[in-house]
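Since the structure comes first, as structure tokens, the remarks are kept for the end.
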Amino acid sequence: MTSPDTASPVYACATSPTHVDVCVIGAGPVGATLACRLAREGISVGIVDRAPLPPMEHPDFDGRAYAIAAGPKRLLEEAGVWERLPQTPNPIESILVTDGRPGEPPSPLSLEFSREDATQPFGWMAEARALRVALNATLNESANVTLLAPADVSITRTVEGATVTAKDGRVLHARLIIAADGRGSRTRSQAGIPITRLPYGQSGIVCAIAHELPHDNSALEHFLPGGPFAQLPMSGTAEHPNLSAVVWSEKDETARRLSALPEASFTRELKRRLGDRLGDVTPVGRRWVYPLAAQYAQRYTATRLALAGDAAHGIHPIAGQGLNLGFRDVIALSELLIEAHQKGEDSGAPALLARYQKRCRPANMLMLAATDALDRLFSNNNPVLRLGRDLGIAAVHRMPRLRRAFVRHAMGV
């Protein structure tokens, strides 16, 4: 007899509909993790993506990584994903927060979150490709998951339930649709849920660097006039024993120009922002450029529908909380859906959806407001504001209880 964790997934048939409790639209980290978590509790889940899942496991190192906080790490463990990561994620055990200008020493007024501020690492850096491999493996090994990927689908929702129909004839019937299909969510748009968008005029440059000195599991958040510059410690490889991820925000035109520089010039610009803390540095893998904007959905639910992750909210990466915010949606949704399943209740009931929105949307809006305010406060060169924020950084550094409160909130514990 095959256990649910090792059985093969179900593939929807074009000739007869498949019935599931929940259908997740979007197999990115948020949607796939939710599907894995629910399936582990015996809930039947359909998951739909426009791309085939195996090709999403690109084998080459590409420089992208996720900072995963403690609460989301526990979620990934409960979903059976963490144990399948092909590389061990690197812990973040200290974070140095500084303010300055490119090419100049940072302000002496700084803030450090140290090992004494938490009983466990603040987070773990996991390669994007490693998380994708683990998610695909978990989805493919669950008997409670029905895969429609690749598939282009249409969705019909009524008060009685929802029907997901693929162009090739495959059909899923579900009690609830979860839209986890990203910032440009077609599912959200088709439901008529409006969004508010806050452009920053900034783009994020994402890459990885090999460096001469060990990072000692320490991260840097360096605030600069063009936007924040973050260095995040990654697990090394045989070729590059000392590796870090870089998330570097600049004004749109500057970001495009910098990302297109030859390697030697690009490295010089990196060093002007990073300083000498890691010795000599060498870019590794690709450079990625993403336009930065915050956005939020006016509501998280509709008839037989809930939004999760970037379909519901998108924030500035200034605090590395974007994916973690999506994982917090998954934590809340999975708890509500598992409880409903255990009680034999309707997973798409209006009361359940109302509880989800009440639990998540206010906290997510607070995080969006906080990251928006931080970016607007720090991404400028106003001398009065610079002095005020430097004094504020130094003041928090001298308040251990306040530091620990920030840490607990960011960790999601």
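Here, residue 1 is the first one in the sequence, and each next residue gets the next number.
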*Looking just at side-chain N and O atoms, do S218 and S94 make a donor-acceptor pair shorter than 3.5 Å?*
yes
*Any L337 side-chain heavy atom under 4.5 Å of L176 side chain*: yes
*Which residue pairs satisfy the ring pair (Phe, Tyr, Trp, His ring centres under 6.0 Å) criterion with at least one member in residues 235-279, sequence neighbours excluded?*
F229-W248, W248-F266
*Can you run down the ring pair (Phe, Tyr, Trp, His ring centres under 6.0 Å) pairs that involve residues 356-376, sequence neighbours left out, and say none if there aren't any?*
none
Considering only distance and modelled atom types, tabulate donor-acceptor pairs under 3.5 Å from the side chains of residues 22-33, sequence neighbours left out.
{"unit_1": "T33", "atom_1": "OG1", "unit_2": "P29", "atom_2": "O", "d": "2.6"}

*Hey, are N324 and R328 close enough side-chain-wise for a donor-acceptor pair under 3.5 Å?*
no
*Which ring pair (Phe, Tyr, Trp, His ring centres under 6.0 Å) pairs, counting each pair once, include a residue from residues 297-335, with sequence neighbours left out?*
Y200-H316
_Sidechain-backbone polar pair: N217 side chain, I92 backbone, donor-acceptor under 3.5 Å_ = no
*Can you tell me how far CZ of R268 sits from CG of L270, rounded to the nearest 0.5 angstrom?*
11.5 Å
*Among L368, N364, T371, whose side chain to side chain contact (heavy atoms under 4.5 Å, CB included) with L325 holds?*
N364
*How far apart are the C-alpha atoms of L38 and I338, what are their side-chain angles, what is the distance that settles it, and do they pass the side-chain contact (heavy atoms from CB on, under 4.5 Å) test?*
CA-CA 7 Å; L38 297 179; I338 291 166; 4.2 Å; yes
*Among side-chain atoms of D252 and S203, is any donor-acceptor pair under 3.5 angstrom?*
yes
*If we only count heavy atoms from C-beta on, is the R257 to K251 side-chain gap below 4.5 Å?*
no
*Quick one: closest heavy-atom pair of A311 and D181, and the distance?*
CB-OD1, 4.1 Å
*What do you reckon, is CD of E83 surrounded by more than 12 foreign heavy atoms closer than 6.0 Å?*
yes
_More than 12 heavy atoms from other groups under 6.0 Å of CD on Q298_ = yes
*State, with a plain yes or no, whether a side-chain heavy atom of M125 is found less than 4.5 Å away from one of Y66.*
no
_For I195 versus A297, what's the shortest heavy-atom pair and its separation?_
CG2-CA, 4.0 Å
*Do R37 and T138 pass the side-chain contact (heavy atoms from CB on, under 4.5 Å) test, and can you show the C-alpha distance, the side-chain angles, and the key distance before you say yes or no?*
CA-CA 10 Å; R37 179 72 184 99; T138 311; over 6 Å; no
*In Å and rounded to the nearest 0.5 Å, what is the OG1 to CG distance from T146 to L172?*
6.0 Å
*Do the side-chain N and O atoms of Q231 and S244 include a donor-acceptor pair separated by under 3.5 angstrom?*
yes
*Under the 6.0 Å and 45° cation-pi test, does R286 pair with W288?*
yes
*Measure the CD-OG distance between E78 and S334 for me, rounded to the nearest 0.5 Å.*
7.5 Å
*Can you say whether the rings of H173 and H19 are parallel (under 30°), tilted (30 to 60°) or perpendicular (over 60°)?*
tilted
*Calculate, to the nearest 0.5 Å, the distance between atoms CD1 and CG belonging to I315 and D372 respectively.*
10.5 Å
*asked:* Holding to side chain to side chain contact (heavy atoms under 4.5 Å, CB included), I want the full list of residues that pass it with D216, two or more places apart in sequence or in another chain.
replied: R115
*Identify the two heavy atoms, one from V81 and one from A134, that lie closest to each other, and give their separation to 0.1 Å.*
O-CB, 3.6 Å
*Would you say the side chain of L220 lies within less than 4.5 Å of the side chain of T98, judging by non-hydrogen atoms?*
yes
_Please find the pair of heavy atoms, one from F223 and one from D99, that lie closest to each other, and give the distance._
O-OD1, 3.1 Å
*Between CG on residue L139 and CG on residue D49, distance to nearest 0.5 Å*: 10.0 Å
*asked:* Using the rule given for side-chain contact (heavy atoms from CB on, under 4.5 Å), can you reason through L243 versus V284, listing the C-alpha separation, both sets of side-chain angles and the distance that settles it, and then say yes or no?
replied: CA-CA 9 Å; L243 272 177; V284 179; 4.3 Å; yes
*To the nearest 0.5 Å, what is the distance between CD (Q87) and OG (S235)?*
8.0 Å
*Is any side-chain heavy atom of T282 closer than 4.5 Å to a side-chain heavy atom of T267?*
no
*Considering non-hydrogen atoms only, spot the tightest contact between A308 and L333 and give its length.*
CB-CD1, 4.3 Å
*Do the side chains of H215 and N242 get nearer than 4.5 Å, heavy atoms only?*
no
*Looking at E269 and R272, does any basic side-chain N land under 4.0 Å from a carboxylate oxygen?*
yes
*Under the salt bridge (Lys or Arg N to Asp or Glu O under 4.0 Å) rule, collect the residues that match up with D276, sequence neighbours excluded.*
K271
_Heavy-atom side-chain proximity of L34 to I178 below 4.5 angstrom_ = yes
*Verdict with reasoning, D280 to H211, per side-chain contact (heavy atoms from CB on, under 4.5 Å)*: CA-CA 6 Å; D280 290 335; H211 40 86; over 6 Å; no
*Minimum heavy-atom distance between A39 and N144, given as atom pair plus value*: O-ND2, 2.8 Å
*Heavy-atom side-chain proximity of M367 to Q321 below 4.5 angstrom*: yes
